[in-house]
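Everything on this sheet refers to the single structure shown next.
Both ligands and their constituent atoms are indexed starting at 1 by order of listing.
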Amino acid sequence: MLITLQEAAAKLRAAEKILVTAHVNPDGDAIGSTLAMLQILREMGKNVQVYIDDKIPRNFSVMPFEEEIRRPREDEKFDADLLVVLDTSTDRISEVAKLTDAPILNIDHHVTNRGGDFDLYVDADAAATCEIILQLARELGAKITTNIAVCLYTGIATDTGFFNYSNTRARTLHAAAELVELGVEPNLISEQMERRSYNDLKVMSAALDTTKFFYGGRVAGMFIDEELARIVDTTEGLVDLIRVIDGVDVAFLLTFKEKNVYRVSMRSKGVEVSDIARRLGGGGHVRAAGCTLNKSFDEAKRILIRTIGEFMIEQGYLRPAEYDNREEIALADFDANG
Ligand code: 5GP
Ligand code: MN
């Protein structure tokens, strides 16, 4: 059921023991929004705990209270009276779902979030869930400390590619300006977020070497297979490297997770990759989306490239004649090299 921001605030006020979570494969917005929420609710005297069922990339230690994020252990329970799910639909929280049967409050900014049999506040015009949490904090009359501001700023900055992407609106910059007034130092966050180990750079280079072009260069993809995955620490930012290539409309990264499980990350300059991801069981934003394919490497590649091509032709990004031709070329190309 869709609810208003005021109703969401009322749900939070009424709860006492609150479990806060966000999506697996967490990004700056997922972590920033949960940690801001943690602090806001604690300040209100609530008993709060954050759980995320994944590794937390080390760059995010710039956010206060990051060390408090727990990962659910097998058969663990958390006796909450509210489960707050941030920055995702409820199907991407993995084992956190098993911690509690508490009613769900879902707060998100993804257009693809269709909700379910629980309370959902969704604002698809918000650049980041952190932008919504800032509004919510005001609604709750919470004091926004510098620590909270750092978390919210990091989420907004990372979800907008540091104010580069098309989701950057005037309201986004107003929110960021307000957070800077509250004590955030943008250069320190940027420095921390762009930190890479030498190994990460070598992975970038190896990943770039796997780049292949499809459909006459309109689509570019990188492939992290099982072997390359062994040396990869984070895939953060990799797909953005090839999105910028002249003539490329859709960029993707296919990454080995485990046997017959591959993660897809897509980026575009306008093609609705959220729709492509949805066809493959995932979701996201118009220009940044993803999904998981439970297939072998070759099958995952084939299905992904075909689905992108079919979508682009249906939507008029590629001409049918071009497509017939290109699919053959594209598939022949990756079979030969892949
Ligand atoms: P990324 O490529 O950075 O992992 O994800 C890009 C965007 O797509 C993020 O906003 C993320 O939340 C969303 N996204 C990625 N993978 C999935 C998925 O499997 N399901 C859904 N619903 N959204 C996803
Ligand atoms: Mn987000």
Side-chain angles (χ1 to χ4, degrees), residues 21-37 52-55 57 59-60 63 85-94 106-116 120-134 151-162 165-168 172 175 193 207 221-222 224 232 234-243 250-255 257 261-268 271-295 300 303-304 307-308:
T21 191
H23 56 85
V24 291
N25 207 2
D27 54 19
D29 192 28
I31 295 171
S33 58
T34 51
L35 292 179
M37 200 72 195
I52 294 177
D53 189 15
D54 216 330
K55 248 175 51 186
N59 299 54
F60 296 132
M63 288 183 264
V85 179
L86 300 177
D87 196 38
T88 178
S89 45
T90 56
D91 55 346
R92 293 185 66 219
I93 61 172
S94 194
N106 187 193
I107 299 175
D108 192 14
H109 72 125
H110 288 92
V111 278
T112 48
N113 192 335
R114 290 284 172 265
L120 167 66
Y121 176 73
V122 62
D123 177 1
D125 289 329
T129 299
C130 282
E131 211 179 298
I132 304 175
I133 303 299
L134 178 59
C151 296
L152 295 177
Y153 181 92
T154 306
I156 294 172
T158 51
D159 255 28
T160 56
F162 285 80
Y165 303 153
S166 60
N167 58 349
T168 310
T172 322
M193 293 311 299
M222 289 193 294
I224 297 185
V232 172
T234 172
T235 56
E236 190 71 34
L238 282 185
V239 65
D240 301 288
L241 294 173
I242 56 170
R243 183 187 64 96
V250 174
F252 69 81
L253 170 68
L254 186 68
T255 308
K257 275 283 157 190
V261 182
Y262 285 85
R263 278 281 318 153
V264 176
S265 251
M266 286 184 278
R267 297 290 184 272
S268 84
V271 174
E272 300 80 357
V273 288
S274 46
D275 288 341
I276 301 173
R278 196 148 46 187
R279 285 185 189 188
L280 294 167
H285 307 285
V286 172
R287 292 171 173 79
C291 60
T292 298
L293 297 173
N294 296 308
K295 305 276 178 206
I303 287 168
L304 176 61
T307 308
I308 293 172

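For the Mn ion (ligand 2), the N/O/S atoms of Asp87 include one lying under 2.8 Å. For the Mn ion (ligand 2), the N/O/S atoms of His109 include one lying under 2.8 Å. Here Asp108 does not reach the Mn ion (ligand 2): none of its N/O/S atoms is less than 2.8 Å from the metal.
Using 4.0 Å as the threshold, Glu236 has no heavy atom nearer than that to any atom of ligand 1. Not a single heavy atom of Arg278 sits closer than 4.0 Å to an atom of ligand 1.
Across Gly283, Ala22, Cys291, heavy-atom proximity to atom 13 (C) of ligand 1 is greatest for Gly283. Comparing Arg267, His285, Arg263 against atom 4 (O) of ligand 1, the shortest heavy-atom distance belongs to Arg263. The heavy atom nearest to atom 20 (N) of ligand 1, considering only Arg92, Arg114, His109, is found in Arg92.
Protein heavy atom at the shortest distance from atom 1 (P) of ligand 1 is Ser265 OG, 3.4 Å. Nearest non-hydrogen protein atom to atom 9 (C) of ligand 1 is His110 NE2, 3.9 Å. Atom 7 (C) of ligand 1 has as its closest protein heavy atom Ala288 O, 3.4 Å. Scanning all protein heavy atoms for the shortest distance to atom 8 (O) of ligand 1 gives Ala289 CA, 3.2 Å. The closest protein non-hydrogen atom to atom 17 (C) of ligand 1 is Gly290 O, 3.1 Å.
Distances from the Mn ion (ligand 2) to each N, O or S atom of Asp159 single out OD2 as the nearest. Asp29 contributes atom OD2 as its closest N/O/S atom to the Mn ion (ligand 2).
In summary, the atoms of ligand 1 found under 4.0 Å from a heavy atom of Gly284, numbered by their order in the structure, are 8 (O), 13 (C), 23 (N).
Between His285 and His109, the ring planes lie tilted relative to each other; the angle falls in the 30° to 60° range.
No donor-acceptor contact under 3.5 angstrom links the side chains of Ser268 and Arg287, judged on distance only.
A distance-only check finds a donor-acceptor pair linking the side chain of Thr112 to the backbone of Gly284 [under 3.5 Å]. Distance alone, capped at 3.5 Å, is enough to place a donor-acceptor pair between the Asn106 side chain and the Thr88 backbone. Counting only distance, with no hydrogens or angles, the side chain of Asp27 and the backbone of Thr158 share no donor-acceptor pair below 3.5 Å. The backbone N or O of Cys130 sits less than 3.5 Å from a side-chain atom of Asp29, completing a donor-acceptor pair. Using modelled atom types, no side-chain atom of Asp54 and backbone atom of Val24 make a donor-acceptor pair closer than 3.5 Å.
Asn59 is not listed as a side-chain neighbour of Thr234, based on a closest heavy-atom distance of 4.5 Å or more.
The shortest heavy-atom contact between Thr154 and Met193 is CG2-SD, 4.1 Å. Here the closest heavy-atom approach between residue Leu134 and residue Ala175 is recorded as CD2-CB, 3.7 Å.
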